[in-house]
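Read the structure below first, then the notes.
Remember, it's 1-based here, ligands and their atoms both numbered in the order they're listed. Hydrogens, waters and symmetry mates play no part in the numbers below; they use all other heavy atoms, side chains included. Heads up: numbering here begins at 1 and tracks the sequence.
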Amino acid sequence: MIKGKGFEMPQVAIVGVGLIGRAWSNVFARAGWDVKLFDAHQETLAEAPERIRQSLEDLVEKGGLVTDAAAAAGRIRVAASLADAVAGADLVQESGPERIADKIAIWKELDAAAGTETILASSSSAIVASRFSEDLPGRARCLIAHPVNPPHVVPIVELCGAPWTDASVIQRAREIYESVGQVPVEVKKEIDGFILNRMQAVLLSEALRLVGEGYVSAADLDKTIAHGLGLRWSFMGPFETIELNAPGGIRDYCERFGPTMYELSKLPVTEELWSEANIDRILESWGRKPSPEEIAAKSQWRDERLAALVQHKRQRPDYD
Ligand SMILES: NC(=O)c1ccc[n+]([C@@H]2O[C@H](COP(=O)([O-])OP(=O)(O)OC[C@H]3O[C@@H](n4cnc5c(N)ncnc54)[C@H](O)[C@@H]3O)[C@@H](O)[C@H]2O)c1
């Protein structure tokens, strides 16, 4: 059982407190969890609590997703070691480097150190859990919980077990992420890129084709998503979208538009779309060369706008 129903607060260990680990800390701390941090890099670990506190403050001011930043920040502790971080944890959210050798090493240590009831989740974007959990004695409690950057603002989390992950672990993980305000979805069997990145990859490849072959400018393509498809997609997915695009729903839509949609999507994705020559064409069309500082400032602006949008959606949960 997850703690928190009696005297003890539930506890999460965040292992790796880079970009994603810090964002996860924000999510759990603001939901009332005790958070213990560990990172192999001492300086990163030492400065993490202050950076997380700042991100909590930012959300109070700009997003309204956090009401009491000081109380949330007060639940965060730096652990002396990985074993100290995971001791007594209900959940470990591993957010170390996306390299298989690192995942194997970290997970061996995690499985040995964590109590048998602790769920071990990895934030990994592309490495499936079977690649680093197969030989672990506690492999049945291991899974991927893949967030989207930045998870303290964007709620989706893709849960994907290895073939040996216990179904009850996926279920408990689902309850945990829901309880802290995230939106978990289950990827029922391992596939590279899980769901979100596979959808994104297809859309990006088509965008590279349309701009690279001169059908539209990069700026106008972006407007097509931001002011067209993306508006609907901010509160409904492609199936609900097409259900509403024909009076008789999805089957009616497919009968009316299926042959056309098939024709439009049947060109194969080729390596050429992602070649340097094509990226040069995209950048020429894009015309902008933002500095790292400008990219950081725009990312901050994006997070603020996303937080406001998430707040709007929370006020109308019937749209979720
Ligand atoms: N950045 C994204 O957009 C994004 C999105 C979703 C998921 N992810 C996934 O989240 C994970 C972390 O990504 P990130 O962008 O935060 O990377 P990052 O490089 O910012 O952070 C990784 C952290 O792990 C630490 N680390 C290295 N070895 C360690 C060890 N043995 N024990 C503990 N900590 C260790 C590093 O010092 C660093 O602070 C990756 O698996 C990545 O694929 C990233």
key: Arg305, CZ: over 12 other non-hydrogen atoms inside 6.0 angstrom   = no
Could you check whether any side-chain heavy atom of [X] comes within less than 4.5 Å of a side-chain heavy atom of [Y], counting everything from C-beta outward?
| X | Y | answer |
| --- | --- | --- |
| Leu59 | Asn26 | yes |
| Ser133 | Trp164 | yes |
| Pro155 | Tyr177 | no |
| Leu221 | Ser217 | no |

query = Would Glu190 and Arg131 pass as an ion pair if we require N to O under 4.0 Å?
reply = no
Ligand 1: protein N/O within less than 3.5 Å of ligand N/O:
{"unit_1": "ligand 1", "atom_1": "8 (N)", "unit_2": "Ser125", "atom_2": "OG", "d": "3.1"}
{"unit_1": "ligand 1", "atom_1": "16 (O)", "unit_2": "Leu19", "atom_2": "N", "d": "3.3"}
{"unit_1": "ligand 1", "atom_1": "16 (O)", "unit_2": "Ile20", "atom_2": "N", "d": "2.8"}
{"unit_1": "ligand 1", "atom_1": "20 (O)", "unit_2": "Leu19", "atom_2": "N", "d": "3.1"}
{"unit_1": "ligand 1", "atom_1": "34 (N)", "unit_2": "Ala40", "atom_2": "N", "d": "3.3"}
{"unit_1": "ligand 1", "atom_1": "37 (O)", "unit_2": "Asp39", "atom_2": "OD1", "d": "2.6"}
{"unit_1": "ligand 1", "atom_1": "39 (O)", "unit_2": "Asp39", "atom_2": "OD2", "d": "2.6"}
{"unit_1": "ligand 1", "atom_1": "41 (O)", "unit_2": "Gly96", "atom_2": "O", "d": "3.3"}
{"unit_1": "ligand 1", "atom_1": "41 (O)", "unit_2": "Glu98", "atom_2": "OE1", "d": "2.6"}
{"unit_1": "ligand 1", "atom_1": "41 (O)", "unit_2": "Lys103", "atom_2": "NZ", "d": "2.9"}
{"unit_1": "ligand 1", "atom_1": "43 (O)", "unit_2": "Glu98", "atom_2": "OE1", "d": "2.7"}
{"unit_1": "ligand 1", "atom_1": "43 (O)", "unit_2": "Ser125", "atom_2": "N", "d": "3.3"}
{"unit_1": "ligand 1", "atom_1": "43 (O)", "unit_2": "Ser125", "atom_2": "OG", "d": "2.8"}

